[in-house]
Amino acid sequence: MGKILFLVNLFLLSLASAASASHDYQKALSKSILFFEAQRSGYLPSNQRINWRGNSGLLDGKANGVDLVGGYYDAGDNVKFGLPMAFTITMMSWGIAEYGKQMAESGELGHAMEAVKWGTDYLIKAHPEPYVLYGEVGDGNTDHYCWQRPEDMTTNRQAYRIDTAHPGSDLAGETAAAMAAASIVFRRSDPAYSNQLLDHAKQLFDFADKYRGKYDFSISVVQKYYRSVSGYGDELLWAAAWLHEATDEPYYLDYLGSNGGPLGGTGWAMTEFGWDVKYAGVQVLVSKFLLQGKAAHNWQVFEKYRQNADFFMCSCLGKSSNNVQRTPGGLLFRQRWNNLQFVTSASFLLTIFSDYLQSAGQNVKCSSGVVMPSDLFNFAKSQVDYILGDNPRGTSYMVGYGSTYPQQVHHRASSIVSIKVDDSFVSCRGGYATWFSRKASDPNLLDGAIVGGPDAYDNFADERDNYEQTEPATYNNAPLIGLLARLHGGNGGFNQLLPVVITKPNVPTRPKPLPIPQPKPSPAPVTGAFSPFTVKQTTTTSWIAHGRTYYRYSVIVNNKSSKTVKDLKIIVSKLYGPIWGLEKVVDGYSFPPWLDSLPAGKSFEFVYIHSATPASIWISGYTLV
């Protein structure tokens, strides 16, 4: 009987090996990157490959006086959530930074870098001032009430932000990490852009660290969708780790050393990694610094980070005191709602840690024995193979890959006929009646999307209303691109502890924005020898639309006198666009409706947008009381 069972197991193993060997990782890599083009918001470029999508969200940010056009929709809805979007960019960038050479060999490096830049271009816009960051456009409640393609959406597009009075260290920290990681991606091909990203990253880290607080307290509408359960300690460490990786500055190493205990990096041994909980990612990066010999006087603290990184690996492999649950088919399982997000993230960490250890000639010590780097890599590969179809159902959970994959994806854009096929308006509730309830395949193929995946028993229901299993997300795919590049291209004999040089890909790139004009403070030509005001203009951002470069200007008017100012009259000349924060009066502008005076020593701000050099602004009249 034992011999029969042995032969059966051997036969099943041989079948699994044969199935794994048949996977086309290069094809899966191409599709996993292609998915991001279906998630794009804003003006789509001429080289857009998902041709059933159209422009959308073209007024995002306008009501707030800032340009927030662009970026990514997070999943199957039409909201732009800042925290998961930034994590998506961080993970894509990490994959490119580590496995960019393999991506280049597969011909996908240019597409991957373009996917990152689509996100970072938006994040730059969302950070118009050092201590201001927009963290959401739209809201889940009104959006989920409707089932509309992005091109038709009529839902609320209010933008929500954090600032010094309403902090969000987790959001600012993750965005800093994304900017820093992406700066590595563009360091060789576009040094100016790389430096711009690094400047934003440093400002955001300073913002996150100096004004501490949870972002979902400041942006309460996000709590139902992307609440920061882990707090902000992990994001502060995560940002510091990425800033060191990008700059090699010892300040960030010392930050990791002195804050490892207070912020949880050395205390929390985790069994998950994702858009909310970053500790395992931090611990893997700090372990890299330790293996590189960078720890110096921080070595004892960094050893504790390393111990926690080892614990994560052991728990995934089922060799620790607290193991991650697995399905009968061998898939890591954490929760029934979008479980595959944890599988792809964990598999990436397993792979990169395996390569770090292989380069250093080290192993992992688990409570049940020593684990080789190859054990980590092979297990990560088994998880990817499961996603691509090596599972009890024989179903690929990547849309468009394999012969059997989800047909009724919980995704507004893919489930409604393309606006380029039928431009008839799809109403808010009409979309539910006509398209959501259809028991048929999606009219548009959401190529490359990784859906939520099966339950704890490997069961899966391919139904559009089964959002727990059929909804995709950008952060499902983001860790996968580096992993698939590694699976396709191998390690190539690379030492992952040495910096990887990412060359400029041979693909067309979008035009760079023109240099931003830097205005000097405007004069205040009021009558008399003394002016009680300073008027300072600053260019906060720029973007290109329809071949023209637009600029957003912030104007600060300060009352430097010892008295209160009333009846203010402001002249704005050579203005060629909209203005916010002032009220139009005869022959000029005055205080906005919510402000009737300006006390001594106080200031107020207004903004305007146009495609020209700064307007001429001066104070033409006032009363001191």
Side-chain angles (χ1 to χ4, degrees), residues 38-44 53-86 88 119 122-123 125-128 132-163 165-166 168 171 175 214-228 275 410-416 419 423-436 467 471 473-474 541 543 545 552 578 580-581 592-594 607 609:
Q39 298 301 107
R40 285 173 169 171
S41 180
Y43 292 99
L44 302 186
R53 277 294 322 281
N55 299 333
S56 63
L58 304 183
L59 298 179
D60 284 357
K62 183 175 181 180
N64 300 77
V66 62
D67 171 38
L68 295 175
V69 176
Y72 289 112
Y73 302 119
D74 71 306
D77 51 29
N78 299 326
V79 184
K80 294 189 293 198
F81 291 103
L83 184 61
M85 190 193 305
T88 293
Y122 172 82
L123 295 181
K125 294 179 179 183
H127 182 224
V132 172
L133 176 64
Y134 285 86
E136 183 174 336
V137 179
D139 75 85
N141 293 333
T142 58
D143 183 88
H144 288 194
Y145 180 75
C146 299
W147 193 265
Q148 292 176 290
R149 55 195 174 196
E151 297 83 359
D152 285 331
M153 61 180 168
T154 56
T155 50
N156 172 37
R157 301 303 289 174
Q158 181 178 344
Y160 301 87
R161 76 182 212 177
I162 57 172
D163 51 38
H166 311 89
L171 174 63
T175 310
K214 283 181 58 179
Y215 93 111
D216 53 31
F217 288 174
S218 298
I219 305 177
S220 59
V221 294
V222 81
Q223 291 182 5
K224 186 178 176 181
Y225 304 96
Y226 290 101
R227 170 175 284 178
S228 180
W275 62 261
H410 185 90
H411 190 274
R412 285 159 176 77
S414 68
S415 68
I416 301 174
I419 196 169
D423 61 1
S424 302
F425 176 71
V426 177
S427 67
C428 169
R429 301 301 292 175
Y432 272 110
T434 305
W435 297 102
F436 178 80
Y467 53 85
E471 185 171 19
T474 57
T541 190
W543 65 95
R552 179 188 186 272
W580 294 271
W594 57 87
V607 299
I609 295 173

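Hydrogens, waters and symmetry mates are skipped; everything else that's a heavy atom, side chains included, is used. Note that the coordinates shown come from a computational prediction; the quantities given were computed from them, not determined experimentally.
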### Query
Where do Gly42 and Leu58 come nearest, in terms of heavy atoms and distance?
C-CD2, 3.7 Å
### Message
Test your reading of the model: is there a side-chain donor-acceptor pair from Arg552 to the backbone of Ile609, 3.5 Å cut-off?
### Response
no
### Message
If I compare all heavy atoms of Ile162 with all of Ser218, which pair ends up nearest, and what's the gap?
### Response
CG2-CB, 4.1 Å
### Task
Search all heavy atoms of Val79 against all heavy atoms of Val137 and return the closest pair with its distance.
CG1-O, 3.4 Å
### Task
Only counting residues at least two apart or in another chain, list the ones meeting side-chain contact (heavy atoms from CB on, under 4.5 Å) with Arg161.
Val132, Tyr134, Asp163
### Query
Restricting to pairs with a member in residues 56-65, which pass salt bridge (Lys or Arg N to Asp or Glu O under 4.0 Å), not counting sequence neighbours?
Asp60-Lys80, Asp60-Arg157
### Task
Only counting residues at least two apart or in another chain, list the ones meeting side chain to side chain donor-acceptor pair (under 3.5 Å) with Thr434.
none
### Task
Could you list the residues that satisfy side-chain contact (heavy atoms from CB on, under 4.5 Å) with Ser415, not counting sequence neighbours?
Trp147, Asp442, Arg464
### Summary
Ser56 meets the side-chain contact (heavy atoms from CB on, under 4.5 Å) criterion, sequence neighbours left out, with Ser41, Arg53, Tyr73, Pro150
### Query
Listed by chain and number, what are the side chain to side chain donor-acceptor pair (under 3.5 Å) partners of Glu136, not counting sequence neighbours?
none
### Heavy-atom closest contact (Val607 atom, Gly65 atom, distance)
CG2-O, 3.8 Å
### Message
If the condition is ring-ring contact (aromatic ring centres under 6.0 Å, His included), which residues does His411 pass it with, not counting sequence neighbours?
### Response
none
## Note on the structure
So CH2 of Trp275 and OG of Ser228: to nearest 0.5 Å the spacing works out to 7.0 Å
#### Entry: Asn64 side chain vs Ala159 backbone, donor-acceptor pair below 3.5 Å
yes
#### Entry: By ring-ring contact (aromatic ring centres under 6.0 Å, His included) - contacts of Phe425 (at least two apart)
none
### Query
Rounded to the nearest 0.5 Å, what separation is found between the OH atom of Tyr226 and the CG atom of Leu83?
9.0 Å
## Note on the structure
Taking every heavy atom of Ala126 against every heavy atom of Leu68, the minimum-distance pair comes out as CA-CD2, 3.7 Å
### Message
Please report the interatomic distance OH(Tyr160) to CG(Leu133), rounded to the nearest 0.5 Å.
### Response
15.5 Å
### Message
Main chain of Gly54, side chain of Glu151: is a donor-acceptor contact present, judged purely on distance under 3.5 Å?
### Response
yes
### Query
Partners of His144 by ring-ring contact (aromatic ring centres under 6.0 Å, His included), sequence neighbours excluded?
Tyr225
### Query
For residues Thr155 and Gln148, is any side-chain donor paired with an opposing acceptor at under 3.5 Å?
no
### Task
Just jot down the side chain to side chain donor-acceptor pair (under 3.5 Å) partners of Asp152, sequence neighbours excluded, or say none.
Arg149
### Task
Using the test side-chain contact (heavy atoms from CB on, under 4.5 Å), find all partners of Gln223 that sit at least two apart in sequence or belong to another chain.
Asp216, Phe217, Ser220, Arg227
### Message
I need the Tyr145 OH to Asn156 CG distance, nearest 0.5 Å.
### Response
14.5 Å
### Message
Is it the case that the side chain of Lys224 and the backbone of Asn141 share a donor-acceptor pair, with hydrogens and angles ignored and the cut-off at 3.5 Å?
### Response
no
### Query
Are any non-hydrogen side-chain atoms of Asp77 and Arg412 less than 4.5 angstrom apart?
yes
### Task
Only counting residues at least two apart or in another chain, list the ones meeting side chain to side chain donor-acceptor pair (under 3.5 Å) with His410.
none
#### Entry: Ile419 side, atom CD1; Asn55 side, atom CG - distance, nearest 0.5 Å
9.5 Å
### Rounded distance (nearest 0.5 Å) linking atom CG of Leu171 with atom CZ of Phe81
12.5 Å
